[in-house]
Amino acid sequence: MDRTSAEKRIVELREILWENSRRYYVENAPTMSDYDYDHLMYELEALEQEFPDLITPDSPTQKVGSDLADTEENRKAAEHEKDARSGQPTEREMSMSEDFEAKNIFRQYAHQYPMLSLGNTYSIEEVEAFADRATKTLDRPFTFNCELKFDGTGISLTYRKGKLFRALTRGDGTKGDDVTKNVKHIQNIPQSLKGSGYPEEFEIRGEIVMPYDSFDQLNRERLINEDTPFANPRNAASGSLKLIDPKEVGKRGLYCILYHIPGDIMQFGTHSHAMECAKEWGLPISDKSKVCRNIDEIEEYINFWDTERKKLPYATDGIVIKINEIAAQMDLGYTSKSPRWAVAYKFKAEQALTEVLSIDYQVGRTGSVTPVANLAPVLLSGTTVKRATLNNSDFMASLDIRIGDYVYVEKGGEIIPKITSVELKKRPEHSQRPEFPTLCPDCGTPLVKAEDEARFYCPYSEGCPTQIKGRLLHFMSRKAMNILAGEATVDQLYDLGMVRSIADFYDLKMPDLLRLDGWKEKSAINFLNSLEKSKQVTFDHVLFALGIRNVGEITARTMARHFKNIDAILAASIEELTEVEDIGGIIAESIYSYFKQEKHIDEIARLREAGLQFAMAEDEGPRSEILKGTTIVISGNFSISRESMKKLIEANGGKNSSSLSKKTAFLLAGTKAGPEKLKKAETLQIPVKTEEEFFQMTGLEKEIAEQQTLFTPPSVSTGEEGPEEEPNLFNM
């Protein structure tokens with residue numbers, strides 16, 4: 001693959017992966033199986049390895065997904081992190097906590113140790129490869145600890161002096177939402193430990209799951225109340241853990257299973273011993289784990305539970321294999337996303353045979369048309385499946401699927417139902433192939449299909465209701481203008497003819513909003529206040545909110561800092577756009593094309609008149625250009641936080657990178673720097689500098705960086721513009 005094609009595919013893969021990560025962690029409504037997600041991730045990793053200069057810090061290969069809510073309150077609260085960790089809250093800390101409760105916001109705290117994800121495998125051969133890598137690195141014998149992989153939502157519990165002190169969600173891996181009050185209402189989580197011998201303070205991690213019985217009962221109640229049922233137990237557990245009312249959490253029947261104590265735990269010797277001790281202290285530890293000596297015993301454990309798991313009262317989707325000896329874990333270490341001493345084996349998807357009742361055709365927010373099969377209800381992996389995507393017309397043709405056919409359905413990664421084949425022996429006589437629509441099911445416009453693409457599209461982007469609503473929702477989203485409204489509000493505003501473009505939001509008045517079903521004066525005031533507040537959103541977020549194809553948060557920020565204002569971008573040629581760091585030909589073409597359309601020029605003029613920010617404030621740019629043109633990779637621990645160090649580099653014109661390449665100026669190595677990075681730096685003849693050398697050569701002050709970071713936690717990019725919308729298989 002040439003560089004241009006690779007860049008295009010990398011942008012596309014990042015869009016898809018970040019969007020599906022958001023749907024999985026934030027919305028609890030995934031639209032892609034773990035298997036498909038992992039294989040797209042493998043493809044992205046391979047392309048980035050081939051073209052290392054295209055790697056960016058916000059790539060999904062470099063960061064874990066996040067379930068955090070990025071609120072103004074949480075950004076301000078970061079200033080008081082040290083007070084919170086001390087266990088002795090100040091008056092301001094207590095006041096802020098009360099304010100959070102009043103606003104129904106979960107406070108965020110840093111994890112003492114990163115809460116990473118596991119690498120996934122789908123065959124015993126891949127597990128063997130994992131074991132071989134460990135054997136080559138370690139110079140001594142070791143064993144494996146095998147345990148069930150529970151399909152729930154991650155939790156980290158901290159105990160102080162035997163008392164439950166704090167419970168945090170997985171978050172973005174570095175910080176999580178404080179759900180302590182809710183966790184105290186989960187019956188099998190002890191608020192006080194039993195016995196003795198536990199550390200003065202320690203953290204233990206695991207999973208919050210919802211048993212099938214509780215899940216079924218919850219969905220029955222939701223249907224009675226005309227609420228949308230949860231898609232699966234994992235989504236229900238995640239949603240329930242973040243309910244505002246802790247007492248309601250206690251009614252959801254949640255169950256906790258703990259499986260890991262992070263940190264320096266050499267005193268235990270092995271992971272299995274650490275779990276035995278935790279069990280003696282009264283903590284809920286799984287009794288299904290087993291210490292295995294070799295790959296044959298691991299395979300035997302996998303095969304046993306692939307069948308027996310179906311008898312369990314809660315969902316599992318695989319096996320976790322860990323190096324059992326703690327010293328060996330320490331030696332193997334971590335990548336930026338995963339421990340090298342553990343891997344997950346994912347079970348093959350469960351399959352069932354059912355009838356195709358009908359086929360619908362849904363329009364995505366960017367115009368793509370996706371066929372969806374309506375199925376006779378069938379039970380798979382603890383949930384009832386009624387719908388399955390057919391992807392596109394080519395996929396339908398390859399299956400030769402017809403209404404009335406019996407098809408094999410499986411849930412890839414135990415989440416997303418998909419049709420794998422047709423049982424031709426059960427095909428009814430005189431069945432006919434369905435005809436893919438030639439007109440848009442939403443607006444009636446003739447569909448088009450590019451030669452190099454599989455999907456049909458509706459080209460009438462300015463008049464197709466679904467596409468218009470999609471742009472409106474993007475503009476209002478949290479990472480864009482952060483306007484307080486959702487899909488139901490957009491539907492009403494559109495249907496009543498009040499809003500057709502993003503600029504129309506700023507023409508809305510109180511009488512308009514009071515026409516909406518269920519809206520009263522308080523709702524209208526809150527919405528108008530959020531509109532007014534959005535006028536203070538910085539230029540880079542406004543640029544992102546415009547919805548320019550291929551322009552995500554990072555690209556928008558880079559453009560805003562480079563051009564300073566919208567007029568400079570409007571006047572820029574494609575050549576000038578490609579001169580901007582990290583903007584290649586594909587993105588430059590998207591930007592140039594967008595700003596040459598009269599309708600977009602008019603819309604920007606209206607937004608300007610409304611008072612939106614279309615220029616960078618003077619204090620938003622770099623403080624200096626000491627590091628201009630310098631790409632730096634950092635590794636290890638420093639006297640200030642890693643995030644502070646990164647922000648210091650950016651604030652003085654430098655660029656952070658997560659991987660070494662010929663473009664790297666130097667490796668900034670702190671204590672416990674990664675041996676792989678040090679080795680690669682030596683191979684590429686890249687200079688290695690210590691923290692002391694860095695501050696000496698730049699004359700920068702680390703204290704300034706530390707203070708700034710307290711106010712500005714790192715954001716998690718969702719990549720560039722989102723992919724085509726997947727069909728909603730659960731909420732229809």
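On a predicted model such as this, the values are computed, not experimentally measured, just so you know. Atom set for the values below is all heavy atoms of this structure, side chains included, hydrogens, waters and symmetry mates excluded.
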Any L570 side-chain heavy atom under 4.5 Å of I601 side chain: yes
Derivation of the side chain to side chain contact (heavy atoms under 4.5 Å, CB included) call for I566 and L543: CA-CA 8 Å; I566 194 70; L543 203 54; 4.0 Å; yes
Side-chain heavy atoms of P233 within contact of P211, under 4.5 Å: no
Enclosure of Q597 CD (heavy-atom neighbours >12, cutoff 6.0 Å): yes
T558, I569, I587 screened by side chain to side chain contact (heavy atoms under 4.5 Å, CB included) with V580, the one that passes: T558
K247 NZ: over 12 foreign heavy atoms closer than 6.0 Å: no
Plane angle bin for F475 and Y506 - parallel if under 30°, tilted between 30 and 60°, otherwise perpendicular: perpendicular
Side-chain (D216) to main-chain (D213) donor-acceptor, under 3.5 angstrom: no
Close side-chain approach of S393 and Y361, heavy atoms under 4.5 Å: no
Least distance between heavy atoms, A545 atom then H474 atom: O-CD2, 3.4 Å
Close side-chain approach of M498 to R515, heavy-atom, < 4.5 Å: yes
Y460 OH: over 12 foreign heavy atoms closer than 6.0 Å: no
Distance-only donor-acceptor check, side chains N392 and R455, under 3.5 Å: no
Criterion side chain to side chain contact (heavy atoms under 4.5 Å, CB included) on I583 and M559, from CA distance to verdict: CA-CA 9 Å; I583 292 183; M559 286 174 58; 3.5 Å; yes
Spatial distance of atom CD1 (I186) from atom SG (C256) [nearest 0.5 Å]: 6.5 Å
Residue pair F215 / A236: nearest heavy atoms and the distance that separates them: CD1-CB, 3.8 Å
Stepwise side chain to side chain contact (heavy atoms under 4.5 Å, CB included) check, T370 with F456: CA-CA 8 Å; T370 302; F456 280 91; over 6 Å; no
Contact summary for S530 and F527, nearest pair of heavy atoms: OG-O, 2.7 Å
Contacts of D245 that satisfy salt bridge (charged side-chain N to carboxylate O under 4.0 Å, His left out) - sequence neighbours left out: none
Rounded distance (nearest 0.5 Å) linking atom NZ of K469 with atom CZ of R500: 8.5 Å
Heavy-atom side-chain proximity of M210 to N235 below 4.5 angstrom: no
Charged tip of R166 within 45° of Y109 ring normal and under 6.0 Å: yes
Student check: side-chain heavy atoms of Q362 and P441 closer than 4.5 Å: no
Heavy-atom donor-acceptor pair, D504 side chain to D507 backbone, under 3.5 Å: no
Shortest non-hydrogen contact between A167 and I155, atoms and distance: CB-CD1, 4.3 Å
Nearest-0.5 Å distance that lies between atom CD1 in I502 and atom CD1 in I468: 12.5 Å
Check: F106 and L168 side chains under 4.5 Å, non-hydrogen atoms: no
Minimum heavy-atom distance between V356 and A373, given as atom pair plus value: CG1-CB, 4.4 Å
Verdict with supporting geometry, T445 and C464, side chain to side chain contact (heavy atoms under 4.5 Å, CB included): CA-CA 8 Å; T445 301; C464 184; over 6 Å; no
Check ion pair D540-R561 (N to O, under 4.0 angstrom): no
Side chain proximity check, L516 to L496, heavy atoms < 4.5 angstrom: yes
Interatomic distance, Q613 atom CD to Q536 atom CD [nearest 0.5 angstrom]: 5.5 Å
Test: E248 and R252 ion pair at under 4.0 Å: yes
Heavy-atom donor-acceptor pair, K564 side chain to A615 backbone, under 3.5 Å: no
Ring geometry between Y594 and H600 (parallel below 30°, tilted from 30 to 60°, perpendicular above 60°): parallel
Trace of the side chain to side chain donor-acceptor pair (under 3.5 Å) decision for E603 with S501: CA-CA 8 Å; E603 192 161 55; S501 74; 3.3 Å; yes
N/O donor-acceptor pair under 3.5 Å between H111 side chain and R170 backbone: yes
Distance (rounded to the nearest 0.5 Å) between K251 NZ and Q217 CD: 12.5 Å
Whether over 12 other heavy atoms sit under 6.0 Å from K522 NZ: no
From CA spacing to verdict: salt bridge (charged side-chain N to carboxylate O under 4.0 Å, His left out), D177, K242: CA-CA 9 Å; D177 284 333; K242 289 193 175 182; 2.7 Å; yes
From V183, D178, L241, residue fulfilling side chain to side chain contact (heavy atoms under 4.5 Å, CB included) relative to T169: L241
For the student: nearest non-hydrogen atoms of V385 and L375, plus distance: CG1-CD1, 4.2 Å
Nearest-0.5 Å distance that lies between atom CZ in F505 and atom CG in L493: 6.5 Å
